[in-house]
Colleague: 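To start, I am sharing the structure in question, which I have written as structure tokens.
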Amino acid sequence: MTKIIEPKKQSNIFKRPSSETGIWSWITTVDHKKIGIMYGYAAFFFLLIGGIEALLLRIQLASPDNNFLSAAEYNAMFTMHGTTMIFLAIMPISAAFFNYLLPLQIGARDVAFPRLNALSFWIFIFGGVFLYSTFLFGTAGAPQGGYLAEEVSRLGSAPNGGWFGYQPNAGFKYSPGTAMDYWAIGLQILGIASLVSAFNFITTILNMRTKGMRLMRMPVFTWMTFAVSFLLAFSLPIIAIALFYVTFDRQFGTTFFLTEGGGDPILWQHLFWLFGHPEVYILILPAFGIVSEVLPTFSRKPLFGYPAIVFAGFGIAFIGFGVWAHHMFASAISPVAQAGFGLSTMVIAVPTGVKIFNWLGTIWGGKLKLNTPMLFSLGFIGMFVIGGLSGVTHSIVPADTQQTDTYYVVAHFHYVLFGGAMFGIFSGLYYWFPKVWGKMYNEALGKIHFWLMIIGFNLTFGPMHWLGLQGQVRRTWVYAEETNLGFWNLIVSIGAFIIALSILVFMANWIYSKRKGPEAGFDPWDARTIEWSIPSPTPVWNFSKAPEVKSLDDFWHMKYDEDEDGRPVRKEGADALLAELEEEGLNPSEEIVLPNPSYFPIILASGLPFLGYAVIYKMLPLAILGTLLILIGSFGWGTEPLEEEFMEDLENE
Amino acid sequence: MKLFKSKKIFLLGFIFIASCIEDAPLDSLSPAGPYARSIDELFWLTFWIAVGVFVIVQGALLFSVFYFKERESSPDPKQIHGNNFLEILWTIIPVLILAAIAVPTVKTIFDLAREPEDALKIEVIGHQWWFEYKYPDFGITTANVLVIPEDQPVRLEMWSNDVLHNYWVPKLNGKRYLVPGQTTYLNLQADSPEEFWAQCGEYCGLSHSKMRGRVISMTESDFAAWVANEQSYAEKELPESSLAAEGQLVYLNAGCTQCHVIDGVWDVQGDRIAPNLTHFANRSVFAGAALKNNPENLTKWLANPAEIKPGTFMPNLELTEKEINALIAYLGTLK
Amino acid sequence: MSVDHKPHPKPAQYVQIALVLGVLTAIEVALYYTEDFVGVFTDPLLIILAVGKFVIVVGWFMHLRFENSLINKFFTGGMILALILFAIVMFERAAANFI
Amino acid sequence: MSDSHSYPHEPTGVETRKLGFWIFLSTEILFFGTLITTFMIFKGRDFPGIKLTDVYDIPFTSVSSFVLLMSSLTMVLAHNALENNDQEKTRVWLLSTAMLGAVFLAGQIYEFTEFYHKGFELSSNIFSSTFYVLTGFHGLHVFIGVVLLLALWGIGQRQKGLSLDGGMNLEFVALYWHFVDIVWIVLFTVVYLI
């Protein structure tokens, strides 16, 4: 029998949550795995919404001078599509991976601060709900003094200043109503969530590593999480302050970004992209990590140039802070700045190239098992290379002044963020599916998903390069028939629906396989990293005792030796060892203390949207309510005894 | 092969080819002036290098997938952990390639930014959602259609009246922002007399997509004639009882003068928030170049401007059909 | 449980450090009033003094110089990053053509 | 936090919470960095009319800066006393730190009202906007610090007294407090003296 020490149910002040199943167990959980799963589902839900928004955009653009959406609706849709996909879909899906895998990969029992982890999840949820509540409560209209022919929007009013919120267009004068306030404050709340998790992950990686897990033995995914956390920790404060300024401008009549009052709209661009460019790497680095796990596993070869890949990842993260103004080449910046940022942007292609070549080196000479996760990873390389190369054309500043703000850029960053990040994420979702659910996904459906998606993806975003070069600007509600852009736009729209179809296949596979899939066993892939050395689905306590890591790809080296030819030979006792591991994984031999569930993260987080509404509607009672919830949350949190105190009590008893 | 015999495929193929050949007026790949050409050359240089890299990387990828695919007979591969020589090689080669591109890039950046000698200065002012042009040397104010002499550099001094805009004539040069409170500059030069399309690149609110423009380059003599005409005032005296005269009354009484100026009519010259209409009939387009200048379009526009350009600052003046017709007749006289 | 835990200063030392800080502040204020004599050196001197005070508080009061070098790296890393980024932004904005 | 017996402690040799807290402080640098940058950018611009810099009361602000500086001393003394497990002294120094902080805050409120009466509202001009937001953001930090100090003092009054183990203990509040102080060192120079 397992010996889990039950947390003490009664503390000094508040009753501890005690449900182990059912909805309350999820609401009060501090288990990184449950939080990871919740992150995943929530993010996927928002991914679907963002996808539907994209489809609406594509219907509108399918033919020239179309009238399917009004200008206001179109603008709201592209703003929300961008905001949703970045802040509510890809970032939290990455967070889902971080949460679930990070402690497993470094052999820890949980993250460094489990309650803080729950807090960031709930802040994310409340931030997302707050942002989307704009469809119910928000208002938007024509700029002050402007006229509209009809009602603003049949969909409810959503932010319409673009996900980048360029000032002064997103200011109160040109975007009146409350919708843009929802955007500014919503992002602020979501930023807090990411910031908190960044502290948590950095600390976890540094301090929760198991015995022998030196930094240079960590899996690449862990390394990329580490890099991403730094990017978050150092870039989010900048946007937080910039969003403060926006909120002040919109609510309290300041003029930080308004020229009339001496403000500077270009300063917003600097602050936004100081955050916004690291953000790009925040979105893509997790996928780099995932791919670096999948490729070696299914090539049956170690990762080629592990140190190079790690350093390149940090190189990208570091240089990523120094290239922000390449988003502003057409903006009011000097030629010197253009040249400088053009060069720094070129430089970032080097570590990215190093990664790509190392991945190619990994599969070269391997024994490639072309199953779904591997296909997505290979597809990732192929698509990301295209995105990377079009990225290099942006660093050629004069050429970029032709391409910027056109569909060429849209094509570029979808190749990077969809062909890159999303392909990597899907690869990861299939790869770790058996670890999370203990079941195997359906390979045939998985392959259909892949082929539909790669065809749909290229149909959608490939022609966009051409459209951009032919002069189709971004964020364009209609385009004139005379511009001769209709044909390719139609193809693009068809492609978008093929992607939608592929997502349906994915969902069917997921739902079906999670219930009816065959049992996966704990190491279905003959994998390399230690998260596969524990049973699937992962037991609540992860490792029944702290593993001791002796090398990079420790789990592989437990199973395989190398012969004189350098080829792997299965160790003699490997099967027995695995059986032993599984047995022990399910039946821990020592006492296990798990972090206690808590009500307070969700209570604390629930205060933030009320503060947001209070700022927008200038309602004091809401502000008091919000503050009260935050105070109750923090007080309860602070007075809730820690696990160590339980331990002491138990020992005393 | 049956597939290719079907008519639909043929039709699609035809449309495909047609769409590639047909001229796109905003095409950034068919430069018509030295500035755009220098950008174009740089783009193609980078493009072909990128194609080279693309072919190598995708080739290696596809080769690996087919050649190293798991087969029943395939043994477990050698465990290779890396190769320092290769790492250095694929770090240095991209560096060298990029350095090679960097040199012309930096040179072109500064070439494009330099103010050309004896350039014609034109001020471009962005409004939601149209471009205003001023020729300080000639005292001309116009809108939507920028007229430039051929084969002569033009220096645009640009700013915005409200939000950020982005001035773009793809065949003549790249984009440059129009920023409130700051001046930005852009050089244009066209090889020959031609009409070019312009478009606002930066998202600037509801009707961003309809913030378009035309740039017309003219021979030197045509340009001189155009300048002379623009400098003159429109006819003040219109034949009484003509439709145009009625239209002038509508113009004066319906509220148009709140925002528009027709030099020499009713009020003094001056800046107003809406386009200067003094030589309206000479412009091929109106309403931020979203519409061609013809009576049908004018009727639609005057009946309800916000229908055409959502968010527009031109109100619906509730004109009757008769008033609209008169107004159109009057606008037609503004040559 | 720091491995390389150097002993923290004694209260008397803390008071001495605080005195130094107070004197530095007094010099700062004095510099403000003597700007006319000191001329162009005022601003650099003020910055040097502020940095000095900063380092003293971080090093001694926050015990950074007694801490593991890891923490040190984070903090100085953040500082340097911020300084570089914001210096670029400031220079870039100072070069803009305002109407 | 969730370590059981076989789990090793802190391979970096830095206590986990302290590590997390220092990372938080490193991030705060970027917060204030952004605010200060904005301030510097707008400080360089000329605006018509009376300037906020003309109504600065340097002697007054110098005194309150000194007060905040000295609160760092009392804070470090409190920390020191707790390291020697002298509960009485710890409480005294804690309370004096909170008091000094409160004095500083009161000074700031006084300064804000003075400026306000001289016609500088939050939205009067860009310079007063940046001034209020920057110093106000710092003031908010001081306020949170005072609340934390008082909470600690309250906990110290209980039977068990304070300790340097466990949750949000005195060490972190001290770090936070010193951080707020060093930010003011920079602000005093950047905002008032230069």
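Chain identifiers are assigned alphabetically (A, B, ...) following the order of the sequence lines, protein sequences preceding nucleic acid strands; residue numbering begins at 1 within each chain.
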Colleague: With respect to chain D, which residue among A/Thr204, A/Thr203, A/Leu258, A/Thr255 yields the maximal number of heavy-atom pairs within a distance under 4.5 Å?
Modeller: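 Top count of heavy-atom pairs under 4.5 Å with chain D: A/Thr203.
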Colleague: Specify the closest pair of heavy atoms between A/Gly253 and D/Ser123, including all atoms of both residues, with the distance to one decimal.
Modeller: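 Smallest interatomic distance, heavy atoms only, reads O-CB, 3.0 Å.
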Colleague: What pair of heavy atoms forms the shortest contact from A/Pro237 to D/Leu30, and how long is it?
Modeller: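 Shortest heavy-atom separation between A/Pro237 and D/Leu30 comes out as CB-CB, 3.7 Å.
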Colleague: Looking at A/Tyr245, A/Phe230, A/Phe244, which one has more heavy-atom pairs under 4.5 Å with chain D than the rest?
Modeller: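 Heavy-atom pair counts peak at A/Tyr245.
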Colleague: What is the minimum heavy-atom distance between D/Ile23 and A/Ile202, and which atoms define it?
Modeller: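 Smallest interatomic distance, heavy atoms only, reads CD1-CG2, 3.2 Å.
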Colleague: Parallel, tilted or perpendicular: which one describes the rings of D/Phe42 and A/Phe256, with boundaries at 30° and 60°?
Modeller: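 D/Phe42 and A/Phe256: tilted rings.
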Colleague: Name the option with the most non-hydrogen atom pairs under 4.5 Å to chain D; the candidates are A/Leu236, A/Leu195, A/Thr254.
Modeller: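 So the answer, after comparing A/Leu236, A/Leu195, A/Thr254, is A/Thr254.
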Colleague: Which atom pair, heavy atoms only, marks the closest approach of A/Asn207 to D/Val14?
Modeller: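 It is ND2-O, 2.7 Å.
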Colleague: Does D/Thr37 form a side-chain contact (heavy atoms from CB on, under 4.5 Å) with A/His270? I'd like the steps, not just the answer.
Modeller: CA-CA 11 Å; D/Thr37 308; A/His270 275 297; over 6 Å; no
Colleague: Please classify the contact between D/Phe137 and chain A as side chain, backbone, both or neither, with a heavy-atom cut-off of under 4.5 Å.
Modeller: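 Just the side chain, heavy atoms under 4.5 Å.
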Colleague: Taking side chain to side chain contact (heavy atoms under 4.5 Å, CB included) as the definition, give me every residue that meets it alongside A/Ala337, ordered by chain and number, with sequence neighbours left out.
Modeller: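 Scan of A/Ala337 (side chain to side chain contact (heavy atoms under 4.5 Å, CB included), adjacent residues dropped) gives A/Ile333, A/Ser334, A/Phe341, C/Glu92.
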Colleague: Between A/Phe234 and D/Ser26, is the side-chain contact (heavy atoms from CB on, under 4.5 Å) condition met? List the steps.
Modeller: CA-CA 8 Å; A/Phe234 289 128; D/Ser26 322; 4.0 Å; yes
Colleague: Within residues 60-71 of chain D, which residues come under 4.5 Å of chain A, heavy atom to heavy atom?
Modeller: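 If one takes a 4.5 Å heavy-atom cut-off, no residue of residues 60-71 of chain D lies near chain A.
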Colleague: With side chain to side chain contact (heavy atoms under 4.5 Å, CB included) as the test, pick out the partner of D/Thr34 among A/Ile241, A/Leu274, A/Ile239.
Modeller: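 Only one option passes, and that is A/Ile241.
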